[in-house]
K.L.:
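Pasting a structure here, questions to come.
Note that the structure is a prediction, hence the values are computed from the model and not measured.
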Amino acid sequence: MDALPFSLSCENNKQPILDVLARVFADRREVLEIASGTGQHATWFAQQLPHLRWRPTEMPDNLATLLPRCNHYAGDNLAPPTVLDVSARPWPPQVPHALFSANSLHIMPWASVEDLFAELSERAEADTVLAVYGPFNYGGEYTSESNARFDQWLAARSPFSAIRDFEKVDALAQAAGFELAQDNAMPANNRLLVWRKPA
């Protein structure tokens with residue numbers, strides 16, 4: 001297991017995220033995870049929430065990073081990882097009534113964030129729950145000095161990456177038919193936002 005792809009941030013935030021997902025996904029049966037990375041979240045949440053069938057996905061170039069840890073998972077509630085590019089619409093997988101993504105909106109281009117919500121506008125059924133973890137700005141301002149430094153790092157890494165404004169993301173969600181249900185403060189100046197599409 002020591003040789004598997006590893007993210008320290010995933011290891012540090014998995015329990016606080018789980019505490020929220022255990023509540024908001026309590027009545028769900030299947031979750032589509034967008035941008036599953038190393039698979040640490042997928043395998044941990046699948047193990048801790050056995051009532052859920054977890055469906056991890058990644059971009060084509062990143063699938064090789066996701067596969068090893070998922071292949072080591074011993075349970076039967078983790079689906080084989082599949083390719084998903086949110087901008088390659090329509091998405092190939094069926095969209096279940098629960099979706100999760102962590103540390104993705106500030107990495108993908110803004111146009112891809114728009115594509116994500118546009119797809120959900122067309123494909124997500126009533127009573128779908130969407131949970132998104134990561135850093136967000138509020139009122140156009142950073143919530144901490146560490147987030148300001150992180151945003152500078154993102155800009156140096158890629159001209160397309162940036163901490164997103166909560167209000168702009170929430171506007172996309174509202175346009176897609178979702179309503180904000182929870183805004184959870186998380187460690188390291190992150191948030192876990194939960195939207196629900198009314199039944």
K.L.:
Run the side chain to side chain donor-acceptor pair (under 3.5 Å) test on Thr57 and Ser36 for me, step by step, so that the C-alpha distance in whole Å, both residues' side-chain angles and the decisive distance to 0.1 Å come before the verdict.
P.N.:
CA-CA 6 Å; Thr57 67; Ser36 300; 4.7 Å; no
K.L.:
Would you compute the distance between atom CG of Leu49 and atom CH2 of Trp44 and round it to the nearest 0.5 angstrom?
P.N.:
9.5 Å
K.L.:
Using a distance-only test with no angle check, is there a side-chain donor-acceptor pair under 3.5 angstrom linking Ser7 and Thr38?
P.N.:
no
K.L.:
Could you verify whether a donor N or O on one side chain and an acceptor N or O on the other, from Thr143 and Asn189, lie under 3.5 Å apart?
P.N.:
no
K.L.:
Indicate, with yes or no, if the rings of Phe25 and His51 have centres closer together than 6.0 Å.
P.N.:
no
K.L.:
Say you draw a straight line from CE of Met108 to OG of Ser158; how long is it, rounded to the nearest 0.5 Å?
P.N.:
12.0 Å
K.L.:
Determine whether a donor-acceptor pair (N or O, by modelled atom type, separation under 3.5 Å) exists between the side chain of Ser101 and the backbone of Ser104.
P.N.:
no
K.L.:
Is there a side-chain contact between Arg28 and Asp127 (heavy atoms, below 4.5 Å)?
P.N.:
yes
K.L.:
Taking Leu193's backbone N and O only, do any of them form a donor-acceptor pair with Gln182's side chain (distance below 3.5 Å, no angle check)?
P.N.:
no
K.L.:
If you round to the nearest 0.5 Å, how far is NE2 of His72 from CG of Leu78?
P.N.:
13.5 Å
K.L.:
Kindly say whether Pro5 contributes a backbone atom to a donor-acceptor pair with the side chain of Arg69 at under 3.5 angstrom?
P.N.:
yes
K.L.:
Shared ILVMFWY cluster between Leu32 and Leu172, side chains joined below 4.5 angstrom?
P.N.:
yes
K.L.:
Same cluster for Ile17 and Val194 if Ile/Leu/Val/Met/Phe/Trp/Tyr side chains link at under 4.5 Å?
P.N.:
yes
K.L.:
So do the side chains of Asn184 and Arg191 get within less than 4.5 Å of each other, counting heavy atoms only?
P.N.:
no
K.L.:
Looking only at atom types and distance, does a side-chain atom of Arg55 sit under 3.5 Å from a main-chain N or O of Gln94, one as donor and one as acceptor?
P.N.:
yes
K.L.:
What's the spacing between Glu114 CD and Glu119 CD if we round to 0.5 Å?
P.N.:
14.0 Å
K.L.:
Would Asn190 and Tyr133 count as having a side-chain donor-acceptor pair, cut-off 3.5 Å?
P.N.:
yes
K.L.:
Determine whether Leu105 and Trp110 fall in the same hydrophobic cluster, where Ile, Leu, Val, Met, Phe, Trp and Tyr are linked whenever their side-chain heavy atoms lie under 4.5 Å apart.
P.N.:
yes
K.L.:
With hydrophobic residues grouped by side-chain heavy-atom distances under 4.5 Å, do Val169 and Tyr138 end up in a single group?
P.N.:
yes
K.L.:
Kindly indicate, with the supporting measurements, whether the criterion ring pair (Phe, Tyr, Trp, His ring centres under 6.0 Å) is fulfilled by Phe45 and Phe100.
P.N.:
CA-CA 11 Å; Phe45 298 148; Phe100 169 74; 5.6 Å; yes
K.L.:
Taking the side chain from Asp165 and the backbone from Glu167, do they hold a donor-acceptor pair closer than 3.5 Å?
P.N.:
no
K.L.:
With a 4.5 Å heavy-atom cut-off, do Trp91 and Arg123 have their side chains touching?
P.N.:
yes
K.L.:
Mind checking whether Trp54 and His41 have side chains closer than 4.5 Å, heavy atoms only?
P.N.:
no
K.L.:
Short question: side chain of Glu58, backbone of Gly37 - any donor-acceptor pair under 3.5 Å?
P.N.:
yes
K.L.:
Determine whether Pro80 and Cys70 make a side-chain contact, defined as any pair of heavy atoms from C-beta on separated by less than 4.5 Å.
P.N.:
no
K.L.:
Does a side chain donor of either His97 or Glu125 reach within less than 3.5 Å of an acceptor in the other side chain?
P.N.:
yes
K.L.:
Between Leu63 and Thr82, does a side-chain contact (heavy atoms from CB on, under 4.5 Å) hold up when you go through it step by step?
P.N.:
CA-CA 8 Å; Leu63 195 63; Thr82 57; over 6 Å; no
K.L.:
What I'd like to find out is whether the side chain of Val132 reaches to under 4.5 Å of the side chain of Leu192, using heavy atoms alone.
P.N.:
no
K.L.:
Working note: Asp151 + Leu154, criterion side-chain contact (heavy atoms from CB on, under 4.5 Å); need CA distance, chi angles, decisive distance, verdict.
P.N.:
CA-CA 5 Å; Asp151 200 37; Leu154 288 171; 4.0 Å; yes
K.L.:
Considering only heavy atoms from C-beta outward, does the side chain of Arg196 approach that of Glu179 to under 4.5 Å?
P.N.:
no
K.L.:
Under 3.5 Å, side chain of Asn147 to main-chain N/O of Tyr142, donor-acceptor pair present?
P.N.:
no
K.L.:
Is Met186 linked to Leu18 within one hydrophobic cluster, defined over Ile, Leu, Val, Met, Phe, Trp and Tyr using a side-chain heavy-atom separation of less than 4.5 Å?
P.N.:
yes
K.L.:
Under 3.5 Å, is there a donor-acceptor pair between the Asp170 and Trp195 side chains?
P.N.:
yes
K.L.:
If you round to the nearest 0.5 Å, how far is CZ of Arg157 from CD of Gln152?
P.N.:
16.0 Å
K.L.:
How long is the span from the CZ atom in Arg164 to the CD1 atom in Ile107, to the nearest 0.5 Å?
P.N.:
9.0 Å
K.L.:
Can you find a pair of side-chain heavy atoms, one from Thr128 and one from Phe178, that are under 4.5 Å apart?
P.N.:
yes
